[in-house]
Amino acid sequence: MKALFIGGTGTISMAIVKQLTSMPSWEVWLLNRGNRADTVPGNMKQIIADIHDEAVVAQQLQDLTFDVVCEFIGFHVEDVERDYRLFRDRTKQYIYISSASAYHKPAAGYIISEGTTLANPYWQYSRDKIACEEFLMKKYCEEGFPVTIVRPSHTYDERNIPLGVHGKNGFWQVIKRMMEGKPVIIQGDGSSLWTLTFSTDFAVGYISLMGNRHAIGEAFQITGDETLTWNQIYKTIADALNVELKPYYVASEYLAAAGEKYGYDFRGSLIGDKSVSVVFDNSKIKRLAPNMRTQVRYDQGVRIALDYVLSHPEECQKDDPEFDAWCDRVIAALEASKAQI
């Protein structure tokens, strides 16, 4: 069977590509700009093009057809509209990566299933994902376009450390603050529940949907089974680093307001997502993937990630002095206000 990945080198998709290329029943193609060609397995086929240049992509595809087209970098309706034009006659299944952040906020209940309403007034990213889903399902209902929707939650790999609050350059500055003995900001009081999924575990569920007729016209959330508080998440990182965690708790509403001036969208990423307790009911995906379970616990996954991050400074250790200074200002301002009470 032939699978085309649009993207294919990201946090989620790379693990899927690596597993598929070890399976003789699959022929794997990647469609991307070729910027990370050195990270992908050598036995896959490459179409080097910018997916946003529809005319060039159509020319590159020529008369190629695929059993599955996997979209990982579609964030706006115009992206999936383009994919529909390109692949409606070229694939038997189109799998779209949406987001679990699209689920109703504030949550009507803390247990989330595929039947939970989609609505997020706090985050444009999530509303765009909802709009993409609506367009694709409309094409399925009206024309039989063979779409499958996948909603990941917080998925990470060896190149990423999951956090609630970080700057524009990602997680490293928070890790650096921990290692330097500085306080790190945690949203709320750190007691809300969160689910983290290692990318290789996610890949097991995703691959079970590929070429599966029972997945056509359906939506599936794919997450791990392990639920942690944010305090446990940060403490696990500190333990792996063998340092003391010095948490500094700040209300999400305060972070949203304080971050706005510096271009940090904590209103979306926190109030619209990470500050809300969620537990996922994964019974639907497990009916199609009975072997799917958490095989990489968070305490194991974070050590895998830290080993990679600490040994690849050029790739993973991106200093963010602006965010570092912002954290210090937020903490100083709150400490000053406490002193006045």
Side-chain angles (χ1 to χ4, degrees), residues 11-12 97-114 116 118 120 122-123 125-126 129 150-167 170-171 174-175 178 184-202 205 221-241 245 247-256 259 264-283 285 292-306:
T11 297
I12 296 178
I97 289 286
S98 182
S99 171
S101 70
Y103 287 123
H104 192 279
K105 302 294 183 309
Y110 78 97
I111 297 179
I112 303 294
S113 74
E114 289 83 356
T116 300
L118 303 182
N120 192 325
Y122 303 105
W123 205 0
Y125 165 81
S126 305
K129 287 290 190 179
V150 172
R151 300 180 189 132
S153 186
H154 202 155
T155 306
Y156 69 106
D157 65 2
E158 72 277 3
R159 296 168 293 175
N160 295 276
I161 311 294
L163 296 168
V165 181
H166 60 74
F171 62 85
V174 179
I175 302 302
M178 285 188 183
V184 295
I185 293 175
I186 299 177
Q187 71 275 12
D189 63 1
S191 65
S192 59
L193 300 174
W194 196 243
T195 299
L196 296 166
T197 310
F198 200 70
S199 60
T200 52
D201 288 344
F202 179 91
Q221 58 194 26
I222 303 178
T223 77
D225 300 317
E226 188 178 24
T227 300
L228 302 164
T229 68
W230 282 103
N231 284 326
Q232 291 173 322
I233 291 169
Y234 277 78
K235 184 65 165 61
T236 301
I237 297 171
D239 287 348
L241 290 168
L245 175 64
Y248 195 89
Y249 300 109
V250 184
S252 295
E253 291 80 2
Y254 185 96
L255 289 171
Y264 304 138
D265 183 17
F266 294 134
R267 176 177 168 82
S269 65
L270 294 182
I271 301 174
D273 196 25
K274 294 181 180 68
S275 67
V276 181
S277 283
V278 291
V279 177
F280 292 96
D281 174 0
N282 289 312
S283 56
I285 183 63
M292 184 189 167
R293 65 187 186 280
T294 293
Q295 299 186 67
V296 182
R297 298 192 315 264
Y298 180 63
D299 63 291
Q300 299 168 330
V302 80
R303 289 179 183 274
I304 293 170
L306 283 170

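These values consider heavy atoms only, across backbone and side chains, with no hydrogens, waters or symmetry-generated copies.
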Query raised in the report: Step by step, would you call Val150 with Phe202 a side-chain contact (heavy atoms from CB on, under 4.5 Å)?
Result: CA-CA 11 Å; Val150 172; Phe202 179 91; 3.7 Å; yes
Query raised in the report: Hey, mind stepping through Asn231 and Thr229 against side chain to side chain donor-acceptor pair (under 3.5 Å) and telling me if it holds?
Result: CA-CA 5 Å; Asn231 284 326; Thr229 68; 4.9 Å; no
Query - Tyr298 vs Gln232, side chain to side chain donor-acceptor pair (under 3.5 Å): CA-CA, chis, key distance, verdict - result: CA-CA 10 Å; Tyr298 180 63; Gln232 291 173 322; over 6 Å; no
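The closest donor-acceptor contact from the side chain of Tyr234 to the backbone of Gly164 lies under 3.5 Å. Remark: side-chain polar atoms of Asp201 are paired, donor with acceptor, to backbone N or O of Val296 under 3.5 angstrom. Not one N or O on the side chain of Gln221 forms a donor-acceptor pair closer than 3.5 Å with the backbone of Ser153. The backbone N or O of Thr223 sits nowhere less than 3.5 Å from a side-chain atom of Thr197 that would complete a donor-acceptor pair. A distance-only check finds a donor-acceptor pair linking the side chain of Asn120 to the backbone of Gly272 [under 3.5 Å].
Shown here are the salt bridge (charged side-chain N to carboxylate O under 4.0 Å, His left out) partners of Asp239, two or more places apart in sequence or in another chain: Lys235. In this structure Asp265 satisfies the salt bridge (charged side-chain N to carboxylate O under 4.0 Å, His left out) test with no other residue, sequence neighbours excluded.
Classified by interplanar angle (parallel below 30°, tilted 30° to 60°, perpendicular above 60°), the ring pair Tyr156/Phe198 is perpendicular.
For the atom pair OG1 of Thr195 and CG of Asn282, the computed distance is 8.0 Å after rounding to the nearest 0.5 Å.
Residues in residues 222-231 take part in these salt bridge (charged side-chain N to carboxylate O under 4.0 Å, His left out) pairs, two or more places apart or across chains: Asp225-Lys286.
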